[in-house]
Amino acid sequence: MIETLKIEGLALQRGERILFRQLDLRAQAGEAVALVGSNGAGKTSLLRAVAGFIRPAEGRILFEDKDQAVPADDARRLGCHMLGHQDGLKTGRSARDELIFQARWTGGTAALALAAAERLGLTRLLDLEVRVLSAGQRRRLALARLIASPRPLWLLDEPLAPLDTASRALFGTLMAEHVAGGGIILAAVHDPLPIPVRTARVGAAPSGAEAVGP
Amino acid sequence: MFAALANPARFMAFSRWAAPILGVLGAGLVGYGLWLGLNAPPDYQQGETVKIMFIHVPAAWVSMMAYACLGGASFFSLVFRHALADAAARAVAPLGAIFTGIALVTGMLWGRPMWGAWWVWGDARLVSVLVLFLLFLGYMALRASIDDEAKGARAAEILALVGLINLPIIKYSVEWWNTLHQGESVMRAGGSALAPVYLTPLLLTGAGYSLAFGALWLARIRAEVWRRRATSLALRAALA
Amino acid sequence: MSVVMVLLRRELSLAWARGGGALLAVGFFVAAAVMLPLSLGPTPARLAGVSSGVTWVVLSLASLLSLDRMFERDFEDGALDLLALGPLPLEIVSAIKCFAQWTVSGAPLALAAPVVAIGLGARMTVAPMIFAAAALGGLAFAFLGGTGAALALASRRGGVLIAVVVLPLLTPPVIFGGAAIANFNEGLPWVGALSLLAAYALGCVALTPFAMAGACRNAQS
Amino acid sequence: MIDHALSVGKYAAFIWPAYGASAVGFAWMIVDTLARARRWRRKADSLEKHKES
């Protein structure tokens, strides 16, 4: 579905403020890119721009599969997983209903969802309401969606934040499997990811140099 | 023509002389129209109150035009992303609301002596103007309640377009509702059946009101352009 | 199961929320209608005259007040982003949300409307027309109300703002619905009014999703 | 000429308030528009000068 993500000359603006300019970034299948930069530099906005929520002020975001351009809408609606600060889980419903809905909605099946829950040790929590789950458990429930429905591009916004060390290691292996399977990861992070990554700086580097994409 | 005006610098240059000229012309037309109208003989049916028509009908007409301008400007801003178009939409809303207010007040002051009631539900145009007033209120309420200017503008533009699509339907439904309950239409004032001695002043004041509206609108757009320039300069200075 | 059904089932269960949705709408509807005799006095003649008209007005308010959580909750907990990255475009997602809203609170309101109208003195024979008008009008109220809810997303202040924004737009359905009931009541031709109401409601179903999707994208950006 | 225009018979109580209301409406629009234009123009120009200095 998506083998290459190309960001060319991207500039993002929030209200009157220009977050960054001329950001070039290219991510191939099998690569994980960590976005680093000071708070408010625009890491989250970059992820949201790739997901199509924010319109670029300048520049372009292109998706390619076997060197052919894929229309952005299709690429995003069929090939993109986004994990933001919020998990998008409805507190009033049971974890099972929410997980199965999220999996089916993003192209997976109920069976894959339950297998993912098994893998993330959530099976005994499935019949509880999301409301009673801890932040870490909710984040694992959201992670289960990533592996329940196969989508090549993962856009992660500080994914490890609420996870404990054991879950972080588990999520590390899941990310490694995803990348090994030809997936792409673009993650905004503060603490380093437990897998080999290429880093791309967003916003001015401490020394004031312009954003430099590899 | 509109694309040419889309560039702010050219618009400011154009409106710099266009606004005052429209204003003066408008005032002149209104003055002359009223002078003619006030000297016309009293209508055999409405007596002297027909003289309110010269300021009621144009106000109602301009308020409809103002909403059409609001919808048009919102369309250009939403679809073609003209920054100036959004300034125009933001600038026209208060004018539209005031003109609708004038139309309502003069309508009531006209209805009282004629039909014995301050508010005449039988007059379809008056009811349409009332709904129009609520539409302007809704637009301004939405715009005022959203802090982020860019998002507020976009939401208000979408509402203005939904309102524009609904405007003819609302007008039709009110007139349809009116004929339903009244049988024949109560008030045919302002129709072409009007005696020429009243029609000419009405047309003059109508044209005058429209030009005055144009002048006020252009002037308010200029103010809006300066406001945006000032706020962005202040922000840039603060962030530099 | 098609992805439309997946989303519809979810929206229905959220809107239903253990009967909350319908209960709230019908509860408000009946409570507001009760205000009428309390304020106008019990004389049947006076009540009967206004019964179907008031039922219709209170119905539109009830459908407005029960939908300001339609988009706002998904917007706040991040579900709207997930819905935007699903196979269906936001236009269809919004339409499904409004359809679920109509099913969960519009339909019960349409069932309650004849009961309330008759309670206020309307004739028994008008009941089917009140139900039909309430069902069709409810469709327009759900989709126009959904548009108001989506537009108010960026303002964090739903509720009254939605009512102020949407009520003027309800003029046509209120007029057509009220006229259909009144004509039916007086034995006058009512097919025209009802078909205008149906046309307007279907127009809303067809057009408002674009406005809702635009408003959601605006709030997301 | 003027006296004829002013003698509007028994409906004067409605005609003049109608003209008065319209005048007030126009006055408010004109004053608010001109004041707003002047205020923001002055602020924009002063910020412009400040930026250059």
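Chain letters run A, B, ... following the sequence lines, proteins first, then strands; residues in each count from 1.
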Open item on the list: Quick check: do Asp32(D) and Arg220(B) have side-chain heavy atoms less than 4.5 Å from each other?
Closed with: yes
Looking at [atom1] of [X] and [atom2] of [Y], how far apart are the two atoms once the value is rounded to the nearest 0.5 Å?
{"X": "Leu47(D)", "Y": "Trp226(B)", "atom1": "CG", "atom2": "CH2", "result": "14.5 Å"}
{"X": "Thr33(D)", "Y": "Leu95(B)", "atom1": "OG1", "atom2": "CG", "result": "5.5 Å"}
{"X": "Leu233(B)", "Y": "Lys43(D)", "atom1": "CG", "atom2": "NZ", "result": "12.0 Å"}
{"X": "Ile98(B)", "Y": "Ser22(D)", "atom1": "CD1", "atom2": "OG", "result": "11.5 Å"}
{"X": "Lys51(B)", "Y": "Trp16(D)", "atom1": "NZ", "atom2": "CH2", "result": "8.0 Å"}

TODO: Please look at Ile30(D) and chain B and tell me whether the side chain, the backbone, both or neither of the residue comes under 4.5 angstrom of a heavy atom of that chain.
DONE: both
Do you know the tightest heavy-atom contact between [X] and [Y]?
{"X": "Ala18(D)", "Y": "Ile52(B)", "result": "CB-CG2, 3.9 Å"}
{"X": "Ile102(B)", "Y": "Met29(D)", "result": "CD1-CE, 4.4 Å"}
{"X": "Ala219(B)", "Y": "Ala37(D)", "result": "O-CB, 4.5 Å"}

Open item on the list: Around atom CH2 of Trp61(B), are there more than 12 heavy atoms from other residues, nucleotides or ligands closer than 6.0 Å?
Closed with: no
TODO: Examine whether an atom of Ala234(B) lies under 4.5 Å from a heavy atom of chain D, and if so say whether it belongs to the side chain, the backbone or both; otherwise answer neither.
DONE: both
Task: Ala103(B), part contacting chain D, at a heavy-atom distance under 4.5 Å - done: neither
Task: chain D interface, residue from Arg229(B), Arg227(B), Glu224(B) that has the most non-hydrogen pairs under 4.5 Å - done: Arg227(B)
- [ ] Without swapping roles, check the side chain of Tyr19(D) against the backbone of Ile55(B) for a donor-acceptor pair under 3.5 Å.
- [x] no
- [ ] Determine whether the aromatic ring centres of Phe99(B) and Phe26(D) lie less than 6.0 Å apart.
- [x] yes
